2 protein chains.
Amino acid sequence: MSEKRVRGSRVTIREVAKDAGVSVAAVSKVLRDAYGVSDALRANVRASMHKLDYRPLAAARGMRGQTYTIGIVLPDLRNPFFADIMDGVNTALERTQYRAMIGISHSSVETEMGIVESMIDRQMDGMLMIGSTEDRRNLDIIAKRKPLVAIGHHDPEATTFDTVNNHDQQGAMLVVKHLAANGYRKIAMFSLVSGTSTILIQRELGYRRGMMEAGLGKHINITSSSQILREVQLSARRLLTGPQRPDAIFCWTDLIALEVISVARELGLDIPNDLAVVGYDNTMFCDFAQNSLTSIDQSGEQLGLQAARLLIERIKGRAEAEHFVVTPRIVVRPSSTPSAARA
Amino acid sequence: MSEKRVRGSRVTIREVAKDAGVSVAAVSKVLRDAYGVSDALRANVRASMHKLDYRPLAAARGMRGQTYTIGIVLPDLRNPFFADIMDGVNTALERTQYRAMIGISHSSVETEMGIVESMIDRQMDGMLMIGSTEDRRNLDIIAKRKPLVAIGHHDPEATTFDTVNNHDQQGAMLVVKHLAANGYRKIAMFSLVSGTSTILIQRELGYRRGMMEAGLGKHINITSSSQILREVQLSARRLLTGPQRPDAIFCWTDLIALEVISVARELGLDIPNDLAVVGYDNTMFCDFAQNSLTSIDQSGEQLGLQAARLLIERIKGRAEAEHFVVTPRIVVRPSSTPSAARA
DNA sequence: GAAAAAATGTAGAACGATATACGTATAACA
DNA sequence: TGTTATACGTATATCGTTCTACATTTTTTC
């Protein structure tokens with residue numbers, strides 16, 4: 001209300017205490033929902049806090065206790081899937097004192113570590129790493145210092161941090177099964193060059209298993225490319241103009257699938273009759289008619305919600321690891337359903 | 001290096017001082033690049049800091065000085081344009097001590113204010129608000145408390161904060177001029193319901209001026225919708241099936257344009273022959289062949305870079321306002337260039 | 001009704017930096 | 001040479017909370 005508050009000045013816990021006629025410690029207790037305050041005192045203090053428009057200073061709280069801030073590490077801002085996750089996170093945080101602050105790693109291990117360090121420097125109470133490229137060892141090191149939850153990192157044996165995932169192997173198998181059922185045979189997979197990502201490993205494994213089970217083992221074909229758009233484009237073009245042109249491509253994420261659709265269109269290929277394309281994540285772009293992209297829904301919102309819940313539990317003291325797994329489902333759209341059944 | 005560091009323990013400035021054989025104050029000076037340290041002492045202290053892997057605790061610094069953290073407020077995570085801006089911001093911050101932390105407002109004034117408050121609570125040194133829905137008065141209030149720079153908020157008279165913008169009016173005029181030159185007449189604009197956004201006002205103004213100058217005043221037609229995808233879809237459908245179907249639609253942002261393309265395709269309309277579509281922001285999705293979307297490039301990276309630069313200047317003490325404006329340019333793609341010249 | 005237990009509140013030392021105020025060398029000037 | 005600047009360092013109060021230890025009051029138990 002007091003708009004004229006000058007930069008630098010702030011209502012402190014001391015002023016609240018004076019106004020309420022109690023000790024500073026009492027106000028602090030109310031603030032932290034700590035033990036040892038009567039209802040009367042609590043109401044009294046709350047009234048003063050409200051009257052003075054008091055807001056605790058996170059930096060000061062951080063010196064001894066918590067900052068009620070959790071750090072979220074995202075690989076990049078361009079993949080709309082992360083927005084789905086964040087929706088879930090924010091839903092989970094809504095009725096709590098906690099706030100999320102996001103940092104972007106650009107899928108680089110060094111920047112990621114840098115961000116994590118700076119989040120620790122800023123006394124974040126815990127961290128949520130999404131699609132991290134760190135290996136188990138590094139995550140363990142982080143987890144030893146701060147409560148940690150990882151989304152998109154398969155490690156059911158991890159004991160120091162929690163994980164939240166969809167069943168990537170199953171998701172990939174769903175894709176292959178669907179494509180095979182629609183008559184596609186030469187099903188290729190478009191993956192990412194990055195030996196360490198456990199979700200990639202799982203998806204590739206699922207693809208292989210799916211192909212084997214469908215009797216298409218000899219058609220197994222995994223192309224890998226970096227995330228850089230130009231390289232993706234090049235790899236896609238190479239794949240589609242090569243001698244063994246696949247009749248279906250399973251892309252490890254929607255964004256790549258959109259790029260593949262683009263290249264295919266430029267080459268004059270008809271989707272889905274000349275080529276089927278399937279993505280992963282079921283982001284909002286799949287629904288656009290110009291994409292009509294079949295994709296795997298891993299309900300990012302659920303992932304975010306559960307991860308935030310687990311992280312707060314951990315901050316509050318839980319020490320045993322929990323590993324949450326969502327069952328993926330396929331959302332079929334025209335990009336993989338040819339008009340006539342195929343030969 | 002010391003991986004065994006236990007949660008809660010940290011190397012402090014005191015230990016560095018002891019190791020280097022100097023006072024705590026000296027170390028602090030080195031840390032802040034403050035006046036009064038010899039090269040020898042600086043080198044000595046730096047060596048100790050490095051040896052002990054010392055990292056200053058932002059919370060503690062924040063109690064008296066700066067936290068070297070700037071808060072970025074984004075309306076939403078789904079618009080890839082913001083990723084372009086963030087690239088620029090991060091480039092500007094790269095060689096500095098500053099780090100960016102992002103908060104998401106979901107285009108709601110209350111959440112936005114909540115985020116700003118919580119950023120102030122967390123002692124951010126300054127704030128960068130992108131596409132804010134706040135009015136001048138509210139921004140002034142914030143600017144009185146913390147250094148502030150706004151991207152996407154036209155207010156050349158503002159004295160308490162800086163602004164960074166592209167020339168939205170000019171951008172919109174470019175669109176109309178281009179469409180008119182390609183033979184389109186019934187050019188509609190797809191805007192956002194939100195009286196307060198100054199960039200919307202400018203773009204609408206540019207659209208109107210462009211139409212008048214092209215002698216198309218009687219075809220002026222602005223449709224507004226919320227950002228919710230379903231509503232956008234409905235409005236687009238209504239616009240395209242109504243009695244006065246436009247032959248071109250200028251959408252206030254790429255994301256809307258993609259949705260319009262989707263609806264048009266579902267209705268069996270040919271783009272660009274039955275309908276031209278133009279977006280704004282020139283995000284990566286414009287380039288996909290299935291979209292081939294003509295758009296206005298306002299070089300988000302530049303905007304982000306300049307904004308971060310201005311913010312740091314402000315944090316360091318500049319008091320007079322600066323207002324940076326980028327000249328937009330149109331990037332023409334097939335979505336607005338019909339094969340044959342139109343009647 | 002005394003002793004024990006539980007509830008409620010307070011005082012004051014941390015937390016890890018910054019920054020002011022002040023000494024002491026060293027350099028510059030007359 | 002003495003005086004004055006200037007450069008370099010240090011001691012320590014301070015920022016706004018949390019939290020431990022303790023004092024006091026109230027409730028429970030036997």
Side-chain angles (χ1 to χ4, degrees), chain A residues 5-45 48-49 52-69 97 118 120-123 125 315 317, chain B residues 5-45 48-49 52-69 97 118 120-123 125 315 317:
Chain A
R5 200 184 303 150
V6 183
R7 193 178 291 178
S9 99
R10 258 188 99 98
V11 178
T12 73
I13 201 173
R14 221 171 302 276
E15 299 169 51
V16 175
K18 184 183 290 178
D19 182 89
V22 299
S23 74
V24 167
V27 178
S28 173
K29 279 188 181 179
V30 172
L31 218 54
R32 291 173 287 128
D33 279 317
Y35 174 85
V37 252
S38 64
D39 290 352
L41 183 130
R42 191 187 341 268
N44 178 18
V45 169
S48 286
M49 296 199 304
L52 301 177
D53 196 17
Y54 166 74
R55 303 185 56 96
L57 190 69
R61 305 184 87 172
M63 301 268 338
R64 308 255 335 164
Q66 302 187 39
T67 55
Y68 298 93
T69 310
Q97 285 198 68
S118 81
I120 294 180
D121 297 343
R122 281 159 185 80
Q123 293 287 83
D125 295 336
I315 292 172
Chain B
R5 201 183 304 149
V6 184
R7 192 177 292 177
S9 99
R10 257 189 99 96
V11 178
T12 74
I13 200 173
R14 220 170 302 275
E15 298 169 51
V16 176
K18 183 183 293 177
D19 183 88
V22 299
S23 74
V24 168
V27 179
S28 174
K29 279 189 180 178
V30 172
L31 219 53
R32 289 173 287 131
D33 278 317
Y35 174 84
V37 253
S38 63
D39 289 354
L41 182 132
R42 194 192 335 274
N44 178 15
V45 169
S48 286
M49 296 201 303
L52 301 177
D53 196 17
Y54 166 73
R55 304 186 57 96
L57 191 68
R61 306 182 85 170
M63 302 268 338
R64 308 243 349 159
Q66 303 186 38
T67 55
Y68 297 93
T69 311
Q97 285 198 66
S118 80
I120 294 180
D121 296 343
R122 283 161 184 76
Q123 293 286 81
D125 295 337
I315 291 172

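Per chain, numbering begins at 1; letters A, B, ... match sequence-line order. Scope of the values below: all heavy atoms of this structure, side chains included, with no hydrogens, waters or symmetry mates. This one's a predicted model, so the numbers in the text were calculated from it and none came from an experiment.
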Euclidean distance, atom [atom1] of residue [X] to atom [atom2] of [N] [Å, nearest integer]:
X: D125(B); N: dT18(C); atom1: CG; atom2: P; value: 12 Å
X: R55(B); N: dA17(C); atom1: CZ; atom2: P; value: 12 Å
X: Q123(A); N: dG16(C); atom1: CD; atom2: P; value: 9 Å
X: R122(A); N: dA17(C); atom1: CZ; atom2: P; value: 13 Å
X: L52(B); N: dG16(C); atom1: CG; atom2: P; value: 15 Å
X: D39(A); N: dT26(D); atom1: CG; atom2: P; value: 16 Å
X: D121(A); N: dC15(C); atom1: CG; atom2: P; value: 18 Å
X: Q66(B); N: dG16(C); atom1: CD; atom2: C1'; value: 17 Å

DNA chain D contacts made by residues 17-28 of chain A, counting heavy atoms under 4.0 Å =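 Hits under 4.0 Å, by residue number: V24(A), A25(A), S28(A).
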ask   = Is T12(B) near enough to dC15(C) that one of its side-chain N or O atoms lies under 4.0 angstrom from OP1 or OP2?
value =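 Checking dC15(C) against T12(B), no side-chain N or O comes under 4.0 Å of OP1 or OP2.
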Y54(A) vs dT17(D): side-chain N/O to OP1/OP2 distance below 4.0 Å =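 Answer is yes, contact under 4.0 Å.
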inquiry  = I need the full list of salt bridge (charged side-chain N to carboxylate O under 4.0 Å, His left out) pairs touching residues 14-23 of chain A, with sequence neighbours left out, sorted by first then second residue.
reply    =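 Those involving residues 14-23 of chain A are D19(A)-K51(A).
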key: Summary of salt bridge (charged side-chain N to carboxylate O under 4.0 Å, His left out) pairs that have at least one residue in residues 20-45 of chain B, sequence neighbours excluded   =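 Those involving residues 20-45 of chain B are D33(B)-R46(B), D39(B)-R42(B).
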Where [X] and [Y] come nearest, the two heavy atoms and their spacing:
X: L31(A); Y: P56(A); result: CD2-CB, 3.8 Å
X: Q123(B); Y: A59(A); result: CG-CB, 3.6 Å
X: D125(B); Y: T67(B); result: OD1-N, 2.9 Å

message = Checking side-chain polar atoms at under 3.5 Å, does R122(A) have a donor or acceptor matched by the opposite partner on T69(A)?
response =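 Their side chains do not contain a donor-acceptor pair, so the 3.5 Å distance test is not met.
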task = Look at the side chain of D121(B) and the backbone N and O of A58(A), then say whether any donor-acceptor pair between them is shorter than 3.5 Å.
result =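 Judged by distance alone, no pair lies under 3.5 Å.
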ask   = Is a side-chain donor or acceptor of R10(A) paired with a backbone partner of R55(A) at a separation under 3.5 angstrom?
value =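 Between the backbone of R55(A) and the side chain of R10(A) there is a qualifying donor-acceptor contact (under 3.5 Å).
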task = Using the test ring-ring contact (aromatic ring centres under 6.0 Å, His included), find all partners of Y54(B) that sit at least two apart in sequence or belong to another chain.
result =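 Not a single residue meets the ring-ring contact (aromatic ring centres under 6.0 Å, His included) criterion with Y54(B).
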Nearest-0.5 Å distance that lies between atom [atom1] in [X] and atom [atom2] in [Y]:
X: S48(A); Y: I13(A); atom1: OG; atom2: CD1; answer: 12.0 Å
X: S28(A); Y: R61(A); atom1: OG; atom2: CZ; answer: 7.5 Å
X: S38(B); Y: N44(B); atom1: OG; atom2: CG; answer: 9.0 Å

task = Take the C1' atoms of the five end pairs on each side of the helix from dG1(C)-dC30(D) to dA30(C)-dT1(D), get both axes, and report the angle to 10 degrees.
result =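 The end-segment axes of the helix from dG1(C)-dC30(D) to dA30(C)-dT1(D) are tilted 20° relative to each other.
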inquiry  = Looking at R64(B) and dT14(D), is any side-chain donor or acceptor paired with a base atom of the opposite kind under 3.5 Å?
reply    =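 Yes, the side chain and the base share a sub-3.5 Å donor-acceptor pair.
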Whichever of A40(A) and M63(A) has its nearest DNA chain C nucleotide further upstream toward 5' =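 With A40(A) and M63(A) compared, the 5'-side residue is A40(A).
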message = Taking the minimum atom-to-atom distance to the side chain of R61(A), which one of dA17(C), dT17(D), dC8(D) wins?
response =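 When the side chain of R61(A) is considered, dT17(D) is the closest of dA17(C), dT17(D), dC8(D).
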inquiry  = I need the residues from residues 29-37 of chain A with at least one non-hydrogen atom less than 4.0 Å from DNA chain C; give them sorted by number, or say none.
reply    =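 Within this stretch, K29(A), Y35(A), G36(A), V37(A) sit under 4.0 Å of the strand.
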